[in-house]
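Positions are given from 1 along the sequence.
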Amino acid sequence: MDPITDIFTAMRIESVVYRRLELTAPWGLRIERREQACFGTVVRGNCWLTVEGEAKPLALTGGDCFCFFPQGRAHALRDHPRTRTQDIQEVIRASKDEAVHFGGGGVATTLVGGKFSFDLSNGKPLTDLLPPLIHLRADQAQATPLQQTLQLLASEAAQPAVGSDLVLRRLADILLIQAIRAHIASDAGRQTGWLRALSDRQIGSALRLMHEKIGHRPGLAAVAGMSRSAFAVRFKELVGETPLDYLTRWRVYQAARLLREGDKKLIDVAHSIGYDSDGAFNKAFKRIMGATPGDYRRNGGALPSMDCPAAAT
């Protein structure tokens, strides 16, 4: 299994909320940092996106798509970089219509989008591997599939029918995968973080092998064509953690999926991801997930608290 597929197999989307925003200048919406991913597109008009801690605002035009992941900072959308903002949740709660109308009556802008909620048992640490912001301009070829998926989301949300919740979740899965693939294909995807590591010829080959043969201990430095010390330094520089820490985390996430979805004995699960003993498997699993494998299975994949211990490391 390749690394991108692994992420979306292990990450569980629990709900999708979708909205159409009809905005007239002056208008400003503030989106606080939350445990959801936000997504959207500019249907008509123009606006400015500002991100907490960034000096320069980003201009968005009709057809542009964007996606924020949970580890991203607070951000704002507005008609002008200096327009005052209001919390988007307050604006949505005050709206009595299916579409949200907001602003001062001037030049019109239409946004459509929403947010994903993740199962925090392993959703948050996985999204930490993704970029805080993905922005695709309308003139980029990779933006077309996202726009088509957003149109399907809009249609399903506007006319819900039997199974609509499931359809929305599946479309959300597709949208996230399309956003990541488009980001990888862009110049930005080759500059930062885990996705940069995937596109790196040496470290990327090691990452793919770790995911394909998660139950083995391959010679990763040799696969990358590097000395062990140089490989360890380069891997941590790109990925943000040591090769052993990364491999341990992915083994535990695969074990969690097997515990949720099957009835294998614990020792068989341990063997399938590369552990020879119950003790080593239990220790690694509890360190990452905050619960023993047995407790995790008995609780149906729920963790003892909403805060995943791995997210703090």
Count I, L, V, M, F, W, Y as connected when their side-chain heavy atoms are under 4.5 Å apart, and connections chain through other members. Are [X] and [Y] then in the same cluster?
{"X": "Trp48", "Y": "Val43", "result": "no"}
{"X": "Val42", "Y": "Val51", "result": "yes"}
{"X": "Leu58", "Y": "Leu29", "result": "yes"}

Quick one: pull up [atom1] in [X] and [atom2] in [Y] and give me the separation to the nearest 0.5 Å.
{"X": "Asp79", "Y": "Thr24", "atom1": "CG", "atom2": "OG1", "answer": "9.0 Å"}
{"X": "His80", "Y": "Cys47", "atom1": "NE2", "atom2": "SG", "answer": "13.0 Å"}
{"X": "Thr248", "Y": "Leu244", "atom1": "OG1", "atom2": "CG", "answer": "4.0 Å"}
{"X": "Ser277", "Y": "His271", "atom1": "OG", "atom2": "NE2", "answer": "8.0 Å"}
{"X": "Leu258", "Y": "Ile273", "atom1": "CG", "atom2": "CD1", "answer": "7.5 Å"}
{"X": "Ile92", "Y": "Ile88", "atom1": "CD1", "atom2": "CD1", "answer": "4.5 Å"}

| request: Mind checking side chain to side chain contact (heavy atoms under 4.5 Å, CB included) for Gln140 and listing every partner two or more places apart, or none if nothing turns up? | output: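 In terms of side chain to side chain contact (heavy atoms under 4.5 Å, CB included), with neighbours along the sequence ignored, Gln140 is linked to Leu136, Arg137, Gln142, Ser186.
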Can you give me the closest heavy-atom contact between [X] and [Y], atom names plus distance?
{"X": "Ala256", "Y": "Met289", "value": "CB-CE, 4.3 Å"}
{"X": "Ala197", "Y": "Val239", "value": "CB-CG2, 3.7 Å"}
{"X": "Arg19", "Y": "Val100", "value": "CD-CG2, 4.3 Å"}
{"X": "Gly28", "Y": "Phe102", "value": "O-CE2, 3.7 Å"}
{"X": "Leu220", "Y": "Met210", "value": "CD2-CG, 3.6 Å"}
{"X": "Ala284", "Y": "Val252", "value": "O-CG2, 3.8 Å"}

Donor-acceptor pair, side chain of [X] and main chain of [Y], under 3.5 angstrom:
{"X": "Thr292", "Y": "Lys286", "result": "no"}
{"X": "Tyr275", "Y": "Val269", "result": "no"}
{"X": "Asp200", "Y": "Gln202", "result": "yes"}
{"X": "Gln147", "Y": "Gly63", "result": "yes"}
{"X": "Arg251", "Y": "Phe285", "result": "no"}

pair [X]-[Y]: side-chain heavy atoms closer than 4.5 Å:
{"X": "Thr109", "Y": "Leu77", "value": "no"}
{"X": "Tyr246", "Y": "Leu207", "value": "yes"}
{"X": "Arg170", "Y": "Val167", "value": "no"}
{"X": "Leu146", "Y": "Thr41", "value": "no"}

| said: With no hydrogens and no angle check, just 3.5 Å: does a side-chain donor-acceptor pair link Thr50 and Arg78? | reply: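 Result is yes, a qualifying pair exists.
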| request: May I ask you to check whether Gln254 and Arg257 show a side-chain donor-acceptor distance below 3.5 Å? | output: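 Short answer, yes.
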| request: Tell me, please, which residues at least two apart from Arg297 pass side-chain hydrogen bond (donor to acceptor under 3.5 Å, both in side chains). | output: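 Scan of Arg297 (side-chain hydrogen bond (donor to acceptor under 3.5 Å, both in side chains), adjacent residues dropped) gives none.
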| So which of Asp64, Ile31, Leu60 actually passes side-chain contact (heavy atoms from CB on, under 4.5 Å) with Leu49? |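 Answer after filtering Asp64, Ile31, Leu60: Leu60.
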| message | Which residue in the set Leu176, Ile134, Leu150 passes side-chain contact (heavy atoms from CB on, under 4.5 Å) when paired with Phe39? | response |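 Testing Phe39 for a side-chain contact (heavy atoms from CB on, under 4.5 Å) against Leu176, Ile134, Leu150 leaves exactly one candidate, Leu150.
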| said: Using a 6.0 Å cut-off, check whether atom CG of Asp263 has over 12 heavy atoms from anything other than its own residue. | reply: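 Open.
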| Residues, nucleotides or ligands: over 12 heavy atoms within 6.0 Å of Arg181 CZ |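 12 or below, so no.
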| query | How are the rings of Phe66 and Phe68 set to each other: parallel, tilted or perpendicular (split at 30° and 60°)? | reply |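 Phe66 vs Phe68 ring planes: perpendicular.
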| request: Could you list all the side chain to side chain donor-acceptor pair (under 3.5 Å) pairs where at least one residue sits in residues 152-162, not counting sequence neighbours? | output: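 Sorted pair list: Glu156-Ser164.
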| request: State plainly whether the residues Arg234 and Glu237 are in salt-bridge range, i.e. N to O under 4.0 Å. | output: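 Yes, charged N to carboxylate O under 4.0 Å.
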| task | Kindly indicate, with the supporting measurements, whether the criterion salt bridge (Lys or Arg N to Asp or Glu O under 4.0 Å) is fulfilled by Glu22 and Arg44. | result | CA-CA 10 Å; Glu22 299 289 352; Arg44 65 168 175 165; 3.4 Å; yes
